[in-house]
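To start, the structure under review is shown below, and the notes come after it.
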Amino acid sequence: MKVPLQITKQEILTFYKLINPLTHKGIQGHAVIIGGSYGKMGAAVLASGACLKSGCGLVTAFIPKSGYAILQISNPEVMVLTDENENFISGINLKIQPQAIGIGPGLGQEKQTQQAFLEFLNTNKSPLVVDADALNILSLNKAWLSLLPENTILTPHPKELERLIGKWGSETEKFENTIAFSEHYKAIIVMKGAPTFIINQSKIYQNTTGNAALATAGSGDVLTGIITSFLAQGYSPDHAARLGVFIHGLTADIALPETGYQSFIASDIIKNLGKAFLSLDS
Ligand SMILES: NC(=O)C1=CN([C@@H]2O[C@H](COP(=O)(O)OP(=O)(O)OC[C@H]3O[C@@H](n4cnc5c(N)ncnc54)[C@H](OP(=O)(O)O)[C@@H]3O)[C@@H](O)[C@H]2O)[C@@H](O)CC1
Ligand SMILES: Nc1ncnc2c1ncn2[C@@H]1O[C@H](COP(=O)(O)OP(=O)(O)O)[C@@H](O)[C@H]1O
Ligand SMILES: [Mg+2]
């Protein structure tokens with residue numbers, strides 16, 4: 001197996017863009033987060049909040065109706081569109097074509113949600129990040145994988161990866177099978193773990209930031225928001241994935257002396273995004 005390229009600060013700085021003083025929210029990118037279901041609206045709150053705090057200009061959350069007040073109160077800066085259904089997504093009608101879409105956090109796997117996801121895949125034209133239950137729905141309907149646009153970013157944790165590509169007998173086999181999957185679907189796979197690797201066909205990257213504080217509910221939902229934000233800001237999918245995992249892990253490294261491992265929660269990633277960006281600017 002090829003030696004992975006280490007994702008370091010030095011490497012990130014070769015493509016990280018400083019914000020133009022003359023920018024405005026209309027050119028900083030509009031991202032949409034599609035997710036949430038009854039009892040898991042928090043995933044959409046976390047992903048959409050992280051998305052906005054990673055620099056894009058506008059964020060819209062598309063969620064089931066019962067999440068409306070939750071989202072508007074939790075993240076007043078995030079605009080909201082709601083599904084007709086109260087408790088889960090049953091039909092995705094965005095009426096806008098954003099620069100990037102992140103789908104999956106808290107989505108659930110209801111039959112109607114699966115059908116809605118299929119219709120979305122048949123009509124979507126925006127660059128895509130697919131996570132969590134959207135990955136699980138693809139694992140249940142593997143023929144739909146061919147509907148993913150080229151360079152879609154998938155962000156599975158190990159169990160989600162196993163559901164997608166099947167069981168592996170060794171780490172080497174896991175990488176070989178993920179590389180084959182990436183090449184077949186021309187998809188970028190963020191293999192979340194300790195550490196996280198990114199497979200972009202023949203290219204393999206290894207993240208150098210993050211720690212066990214990230215082993216907490218919602219930290220992957222936050223990563224989806226971060227990567228979707230960078231896509232919406234015009235980073236290539238390869239750069240958006242690399243910058244996303246780097247910044248995501250960096251927040252945990254920055255927060256650790258304050259929070260320790262146990263009391264770090266996914267919201268702390270969002271709280272420390274500012275310090276993470278500033279550490280790149282210095
Ligand atoms: N606040 C909210 O709204 C939240 C909403 N959330 C939403 O919930 C939905 C389900 O997502 P999920 O990841 O929680 O469940 P699932 O896909 O079943 O995987 C978990 C199972 O996989 C296994 N496993 C093995 N290794 C693993 C590893 N390294 N990292 C992780 N798992 C590993 C292990 O099972 P075991 O190996 O023990 O059988 C483990 O029990 C999804 O839409 C998500 O967005 C959550 O984000 C939480 C906060
Ligand atoms: N021990 C660890 N060290 C470093 N990063 C970790 C560790 N455990 C989990 N993570 C990171 O935390 C995130 C967990 O994602 P995920 O399981 O999807 O969380 P959730 O679905 O609850 O939001 C991933 O980015 C993963 O790389
Ligand atoms: Mg997850």
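Keep in mind that the numbers below use all heavy atoms, side chains included, and drop hydrogens, waters and symmetry copies. Start at 1 and go down the list; that is how both ligands and their atoms are numbered.
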Study note, to complete from the structure: Here the atoms of ligand 1 under 4.0 Å from any heavy atom belonging to Gly104 are 43 (O)

Review point. Is it true that Glu171 and Lys174 have a side-chain N and a carboxylate O under 4.0 angstrom from each other?
Key: yes

Practice item. Tell me whether the centres of the aromatic rings in Tyr16 and Tyr235 are closer together than 6.0 Å. Key: no

Review point. Between Lys275 and Thr251, is there a donor-acceptor pair closer than 3.5 Å when you use the side chain of the first and the backbone of the second?
Key: no

Point to revise | Sub-4.0 Å protein heavy atom next to atom 14 (O) of ligand 1 | key: no

Practice item. May I ask you to identify the nearest protein heavy atom to atom 43 (O) of ligand 1, giving residue, atom name and distance to one decimal place in Å? Key: Asp133 OD2, 2.6 Å

Review point. Do any non-hydrogen protein atoms sit less than 4.0 Å from atom 34 (C) of ligand 1?
Key: no

Check your understanding: Identify the closest protein heavy atom to atom 11 (O) of ligand 1: which residue and atom is it, and at what distance?
Key -> Glu160 OE2, 4.6 Å

Under 3.5 Å, side-chain donor or acceptor atoms of residues 90-112 against the rest of the protein: list the pairs with distances, not counting sequence neighbours.
from: Ser90; atom 1: OG; to: Asp83; atom 2: OD1; distance (Å): 2.6
from: Gln99; atom 1: OE1; to: His30; atom 2: N; distance (Å): 2.7
from: Gln109; atom 1: NE2; to: Asp133; atom 2: OD1; distance (Å): 2.9

Exercise for review: Report the part of His157 (side chain from C-beta onward, or backbone N, CA, C, O) that has a heavy atom under 4.0 Å from ligand 1; answer both or neither where that applies.
Suggested key: side chain

Could you list the donor-acceptor pairs under 3.5 angstrom formed between side-chain atoms of residues 262-271 and any protein atom two or more places apart in sequence or on another chain?
from: Ser263; atom 1: OG; to: Thr259; atom 2: O; distance (Å): 2.5
from: Asp268; atom 1: OD2; to: Ile265; atom 2: N; distance (Å): 2.8

Check your understanding: Does Asn75 use its side chain to pair, donor to acceptor, with the backbone of Leu71 at less than 3.5 Å?
Key -> no

Check your understanding: Of the protein's non-hydrogen atoms, which lies at the shortest distance from atom 8 (O) of ligand 1, and what is that distance?
Key -> Lys40 NZ, 3.4 Å

Review point. Which residue, Val59, Asp221, Thr228, forms the side-chain contact (heavy atoms from CB on, under 4.5 Å) with Ser48?
Key: Val59

**Study point:** Ser229 side-chain N/O to Cys51 backbone N/O, donor-acceptor pair under 3.5 Å
**Key:** yes

Review point. Less than 4.0 Å between atom 3 (O) of ligand 1 and some protein heavy atom, yes or no?
Key: yes

Study note, to complete from the structure: For Ala132, the atoms of ligand 1 under 4.0 Å from one of its heavy atoms are 42 (C), 43 (O), 44 (C), 45 (O)

Check your understanding: When rounded to the nearest 0.5 angstrom, what distance separates CG in Leu5 from NZ in Lys203?
Key -> 10.0 Å

**Study point:** Nearest-0.5 Å distance that lies between atom CG in Asn272 and atom CG in Leu256
**Key:** 10.5 Å

Review point. Near Asp221, which atoms of ligand 1 are under 4.0 Å from a heavy atom of that residue?
Key: 4 (C), 5 (C), 6 (N), 44 (C), 45 (O), 46 (C), 47 (O), 49 (C)

Exercise for review: Please lay out, stage by stage, how Thr23 and Gln28 fare under the test side-chain hydrogen bond (donor to acceptor under 3.5 Å, both in side chains).
Suggested key: CA-CA 7 Å; Thr23 191; Gln28 275 302 114; 2.8 Å; yes

Revision key, fill the gap. Of all protein heavy atoms, the one nearest atom 37 (O) of ligand 1 is Lys159 NZ, 3.9 Å

Review point. Who's the nearest protein heavy-atom neighbour of atom 17 (O) of ligand 1, and how far?
Key: Arg163 NH1, 2.9 Å

Check your understanding: Can you find an N or O of Gly106 that's nearer than 3.5 Å to an N or O of ligand 1?
Key -> yes

Practice item. List every atom of ligand 1 that sits less than 4.0 Å from any heavy atom of Gly42, numbering the atoms from 1 in the order shown and giving each element. Key: 3 (O)

Point to revise | Gap separating the CG atom of Leu223 from the CG atom of Leu214, nearest 0.5 angstrom | key: 9.5 Å

Review point. Which ligand 1 atoms does Pro158 reach within 4.0 Å, using its non-hydrogen atoms?
Key: 28 (C), 29 (N)

Review point. What atoms in ligand 1 come closer than 4.0 Å to a heavy atom of Pro105?
Key: 45 (O)

Check your understanding: Between Leu46 and ligand 1, does any nitrogen or oxygen pair lie at a separation below 3.5 Å?
Key -> no

Exercise for review: Measure from the side-chain N and O atoms of Ser37 to the backbone N and O of Lys40, and report whether any donor-acceptor pair falls under 3.5 Å.
Suggested key: no

Practice item. Find all atoms of ligand 1 within a distance of less than 4.0 Å from any non-hydrogen atom belonging to Gly218, and give their numbers and elements. Key: 47 (O), 48 (C), 49 (C)

Review point. Between Thr209 and Asp253, do the side chains contain an N or O donor and an N or O acceptor separated by less than 3.5 Å?
Key: no

Practice item. Could you tell me how the ring of Phe120 sits relative to the ring of Phe117: parallel (under 30°), tilted (30 to 60°) or perpendicular (over 60°)? Key: parallel

Point to revise | Protein heavy atom under 4.0 Å of atom 41 (O) of ligand 1 | key: no

Could you list, one pair per line, each nitrogen or oxygen of ligand 2 together with any protein nitrogen or oxygen closer than 3.5 Å, giving atom names and the distance rounded to 0.1 Å?
from: ligand 2; atom 1: 3 (N); to: Asn211; atom 2: O; distance (Å): 3.4
from: ligand 2; atom 1: 12 (O); to: Leu214; atom 2: O; distance (Å): 3.1
from: ligand 2; atom 1: 12 (O); to: Ser219; atom 2: OG; distance (Å): 3.1
from: ligand 2; atom 1: 15 (O); to: Gly220; atom 2: N; distance (Å): 3.4
from: ligand 2; atom 1: 18 (O); to: Lys192; atom 2: NZ; distance (Å): 2.8
from: ligand 2; atom 1: 19 (O); to: Gly220; atom 2: N; distance (Å): 3.2
from: ligand 2; atom 1: 22 (O); to: Gly218; atom 2: N; distance (Å): 2.9
from: ligand 2; atom 1: 23 (O); to: Gly218; atom 2: N; distance (Å): 3.2
from: ligand 2; atom 1: 23 (O); to: Ser219; atom 2: N; distance (Å): 3.2
from: ligand 2; atom 1: 23 (O); to: Gly220; atom 2: N; distance (Å): 2.7
from: ligand 2; atom 1: 23 (O); to: Asp221; atom 2: N; distance (Å): 2.9
from: ligand 2; atom 1: 23 (O); to: Asp221; atom 2: OD2; distance (Å): 3.4
from: ligand 2; atom 1: 27 (O); to: Gly193; atom 2: N; distance (Å): 3.0
from: ligand 2; atom 1: 27 (O); to: Gly193; atom 2: O; distance (Å): 3.1
from: ligand 2; atom 1: 27 (O); to: Thr196; atom 2: OG1; distance (Å): 3.0

Practice item. Just jot down the side-chain hydrogen bond (donor to acceptor under 3.5 Å, both in side chains) partners of Ser139, sequence neighbours excluded, or say none. Key: none

Check your understanding: Counting each atom of ligand 1 from 1 as listed, which ones have a heavy atom of Ala43 under 4.0 Å away?
Key -> 2 (C), 3 (O), 5 (C)

